[in-house]
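Here's the structure, in structure tokens; my notes come after.
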Amino acid sequence: MRKSTVYDVAKKAGVSTATVSFAFRHPDKVKDKTRKKVLDAAAILDYVPSASARGLARGKTGALGLYSFDMLLERPQGSELEDLNALNEQNDSSFTRPNMFVYPLYVDEIQRGFELECWHRGKTVLLGTANSPKENNSITDIAGSVDGLAVFPNRGTDDLPLPQLCRTVPLVRIGDLDNTLSCASIYCDNTAGIISLIDHLIDIHHITDMSFIGEITTFDMRSRFNAFQQHVTQRGIQVTTALLDNSEATSQEWMVKLCEAIDTNQLPQAIVCANDQTALNVMEILTDAGIRIPEDILITGFDGIMAAEFSRPPITTVRQPMEHMGRLAAKLLDERAGIPWDSPQSYKLPVRMIIGESCGCKTQ
């Protein structure tokens, strides 16, 4: 038996489909007599509005959205897809152990916090992603289906209709700060984290020259690089190169400047990496070149992902409260109840340095 539709109800009640929609979405805007005709017709036809329609009748959908771009990793950075396919042919990928180089990462921990908070608040989670930065339609579609939307800013966000989205739905930008948009920004204290790493390398390990490596493509990465430049200058430390590497993980020129520094024997005493994922790859390249960590060079990371703790050696890093960031994003969106912010809001969260062995410290 064919399921009744909004068109059937409209025909039975002798009204337009728009009136049927208003009867469920905004009953206060429909005359009582007209609304009764619509409801009676719906009852006769066994018409049941979708979950989203029932939510709209209350003025809300009951769902919160989380949107990302290219932050999910299918394979370790710098590896070839062919290598992954060969590995899958040799082993049944359904039973291989999780690779911490690709999961769980920064985005995974934040997503977990977001989902946990939504679960506690009785909210549905709608996840979305884009295969390319130009897919603006997918984010506008998800924004129209939720009471609030959290976004991981990345290279793709420059092409998004963010001002329009901020006027349509409460928007939270995670790992970003934008004082021009009427949205909420949640980010960590990047400056304090970098300063703590630099001071540790200088005061405890007596480092006199160091360099920074990473992709300066997001707010977090730029903030960390700027903090690095400013603080090493203040501490009177030599910087081997202003930026040791800024290659993209998906490019063929992966860590080229690092490899050149290895080949020409121009490595600094220490490398401060933009994040843990970069640190893991730097350590792999150095190890393959026969360079020992920390005996020959000291390495630090940033974020505090699980892989940093279980790497060999464990990475000295700065831990972001990633699960809390996800929970805070969901909390802020839920409390807005579908009403966009009318001015910029910002939330800077504290960080904590985690001592590993990659900096030369001995841990138990």
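Residues: numbered from 1 along the sequence shown. Because the structure is a prediction, the values reported are computed rather than measured.
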Using salt bridge (charged side-chain N to carboxylate O under 4.0 Å, His left out), reason through Glu117 and Lys331 one step at a time and then give a plain yes or no. CA-CA 7 Å; Glu117 189 65 23; Lys331 175 180 180 292; over 6 Å; no
Quick check on Asp263: does its CG atom have over 12 non-hydrogen neighbours (other residues, nucleotides or ligands) under 6.0 Å away? yes
Residues Val38 and Ala23: closest non-hydrogen pair is CG1-CB, 3.8 Å
In Å and rounded to the nearest 0.5 Å, what is the [atom1] to [atom2] distance from [X] to [Y]?
X      : Y      : atom1 : atom2 : result
Ile202 : Leu197 : CD1   : CG    : 11.0 Å
Asp276 : Asp303 : CG    : CG    : 5.5 Å
Ile44  : Asp8   : CD1   : CG    : 12.5 Å
Leu181 : Leu171 : CG    : CG    : 8.0 Å

Kindly say whether Asn190 contributes a backbone atom to a donor-acceptor pair with the side chain of Arg224 at under 3.5 angstrom? no
Using a 3.5 Å distance criterion without hydrogens, assess whether the side chain of Thr233 forms a donor-acceptor pair with backbone atoms of Gln229. yes
Is it true that Arg319 and Glu309 have a side-chain N and a carboxylate O under 4.0 angstrom from each other? no
If you measure from the Lys or Arg side-chain nitrogens to the Asp or Glu carboxylate oxygens, is any gap between Arg235 and Asp199 under 4.0 Å? yes
With sequence neighbours excluded, residues passing salt bridge (Lys or Arg N to Asp or Glu O under 4.0 Å) with Asp288: none
Single-linkage hydrophobic cluster [X]~[Y], side-chain heavy atoms < 4.5 angstrom:
X      : Y      : value
Met322 : Leu332 : yes
Leu349 : Leu105 : yes
Met210 : Met353 : yes

Residue pair Gln111 / Leu66, side-chain heavy-atom distance below 4.5 Å: yes
Should the pair Phe228 and Phe212 be assigned to parallel (<30°), tilted (30 to 60°) or perpendicular (>60°) ring geometry? tilted
Between Phe152 and Tyr106, what is the ring plane arrangement, given parallel below 30°, perpendicular above 60°, and tilted in between? perpendicular
Stepwise side-chain contact (heavy atoms from CB on, under 4.5 Å) test for Leu149 and Leu64: CA-CA 6 Å; Leu149 179 63; Leu64 298 177; over 6 Å; no
Test item: side-chain donor near acceptor, Glu357 and Thr316, under 3.5 Å: no
